[in-house]
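To keep things clear, I will list the structure first and then write my remarks on it.
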Amino acid sequence: MSTIIVENLSCTYGIKTPFERKAVKDVSFEIQSGDFIGLIGHTGSGKSTLVQMLNGLIKPTSGKVFIDGTDIWANPKEIRKFRFKVGLVFQYPEYQLFEETVEKDIAFGPSNMGLSEQEIKERVLYAAKFVGLSYDLLKKSPFDLSGGEKRRAAIAGVIAMDPDVLILDEPTAGLDPVGRNVLLSQISQYQKTRKNTVILVSHSMEDVARVTNKVLVMNKGELAMFDKTEKVFARSDELTNIGLRIPQVTRVTDALRKHGINLPSGILTVDKAVYEITELLKKEGRL
Ligand SMILES: Nc1ncnc2c1ncn2[C@@H]1O[C@H](COP(=O)(O)OP(=O)(O)O)[C@@H](O)[C@H]1O
Ligand SMILES: [Mg+2]
């Protein structure tokens with residue numbers, strides 16, 4: 001279990017070169033242990049830079065990251081410890097598979113943590129189960145897997161390190177709709193079972209609405225919003241102004257409410273909308 005506190009965090013790439021670029025600007029927030037956070041924002045808004053600063057892969061230009069009260073850069077020699085504690089699954093992680101077998105690939109992270117053979121084995125099986133990789137795939141070469149299976153293997157490799165915080169940078173990008181939904185359910189199940197902090201970077205408002213309890217919105221390197229998911233998606237006009245949108249079903253139910261239909265606010269998923277509309281029709285004696 002880990003609390004993350006971010007204080008005035010900034011990252012500038014290519015300082016004093018013609019390519020100087022402020023990717024993250026003076027961002028502060030606090031993430032409680034067990035939160036499931038959605039991180040949204042335009043391409044180039046600083047999401048990937050921000051999450052890489054949370055696990056010490058990128059050193060901030062200024063500002064601090066505290067994990068459970070410890071400034072992660074207080075002792076640079078110990079930064080590895082935080083990379084284990086805060087597991088990061090990169091965008092398109094399947095390009096980082098390189099071992100002979102899927103099993104060895106998933107075991108790569110835990111093997112670097114000084115665990116026993118037995119424990120590594122247990123962790124590999126446990127992680128493979130979470131992401132729905134059947135055991136017969138473990139002996140195959142990662143190159144023989146489908147795109148979706150490769151993605152799952154890469155995610156399992158981070159889960160197998162048993163991080164307190166799991167960060168996934170656009171984990172469903174490029175998968176087909178069924179694959180996206182299944183993977184999202186598996187991530188959600190992982191979070192519910194482990195009660196770990198999970199940060200999901202996503203372009204899909206529908207995905208974020210379905211699984212997260214809080215949403216962090218980045219805009220041009222700045223923190224634009226950080227609040228409960230339903231509160232963020234109640235700010236439709238502001239989101240539109242920064243080029244984002246609310247889930248489509250929320251738009252529909254908000255519009256119905258504006259026209260006097262007695263639905264509650266903050267409906268974020270199709271399932272919830274179906275339930276509320278059915279209840280309303282029953283109450284009105286139409287069902
Ligand atoms: N390694 C890098 N070197 C220089 N500029 C970078 C690098 N990585 C990202 N940037 C720039 O920083 C900004 C934020 O990028 P990024 O954090 O990748 O945003 P996002 O993940 O929201 O798309 C962008 O303008 C991007 O071009
Ligand atoms: Mg990115």
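As the structure lists them, so they are numbered: ligands from 1, and atoms in each ligand from 1. Everything numeric here is computed off the predicted structure, so don't read it as measured data.
Between I72 and the options I4, V86, I79, a side chain to side chain contact (heavy atoms under 4.5 Å, CB included) holds for only I79.
Remark: K64 fails to qualify as a cation-pi partner of W73 under the 6.0 Å distance and 45° angle criteria applied to the six-membered ring.
In this structure, the protein non-hydrogen atom closest to atom 22 (O) of ligand 1 is K47 NZ, 2.8 Å. Nearest non-hydrogen protein atom to atom 1 (N) of ligand 1 is Y13 CE2, 3.7 Å.
Donor-acceptor pairing under 3.5 Å is recorded for the side chains of D169 and S48. Counted by atom type alone, E30 and T3 present zero donor-acceptor pairs between their side chains at under 3.5 Å. Side-chain contact annotation: T229 with T212, donor-acceptor N/O pair under 3.5 Å present.
The aromatic rings of F130 and Y126 sit perpendicular, their planes meeting at an angle over 60°, well past the 30° parallel limit.
G14 does not count as a contact of ligand 1, since none of its heavy atoms falls under 4.0 Å from the ligand. For the pair G46 and ligand 1, a heavy-atom separation below 4.0 Å is found.
If you number the atoms of ligand 1 from 1 as listed, the ones under 4.0 Å from a heavy atom of A23 come out as 12 (O), 13 (C), 14 (C).
Using a 4.0 Å threshold on non-hydrogen atoms, atom 26 (C) of ligand 1 does not count as touching the protein. The presence of a protein heavy atom under 4.0 Å from atom 20 (P) of ligand 1 is confirmed.
Distance check for S48 against the Mg ion (ligand 2): an N/O/S atom falls below 2.8 Å.
Of the polar atoms of L50, none of the N or O atoms is found under 3.5 Å from an N or O of ligand 1, judged by distance alone. Looking at ligand 1, you'll find an N or O of T49 within less than 3.5 Å of one of its N or O atoms. For ligand 1, the polar-atom distance check finds an N/O of S48 within less than 3.5 Å of one of the ligand's N/O atoms.
The number of heavy-atom neighbours closer than 6.0 Å to CZ of R257, taken from other residues, nucleotides and ligands shown, is above 12.
In H42, the part holding a heavy atom less than 4.0 Å from any atom of ligand 1 is the backbone. At a 4.0 Å heavy-atom cut-off, ligand 1 touches R21 through the side chain alone.
Annotation: F98 is in aromatic contact with F108 [ring centroid separation under 6.0 Å].
Listed by chain and number, the residues in a salt bridge (charged side-chain N to carboxylate O under 4.0 Å, His left out) with E276 are K272 (sequence neighbours excluded).
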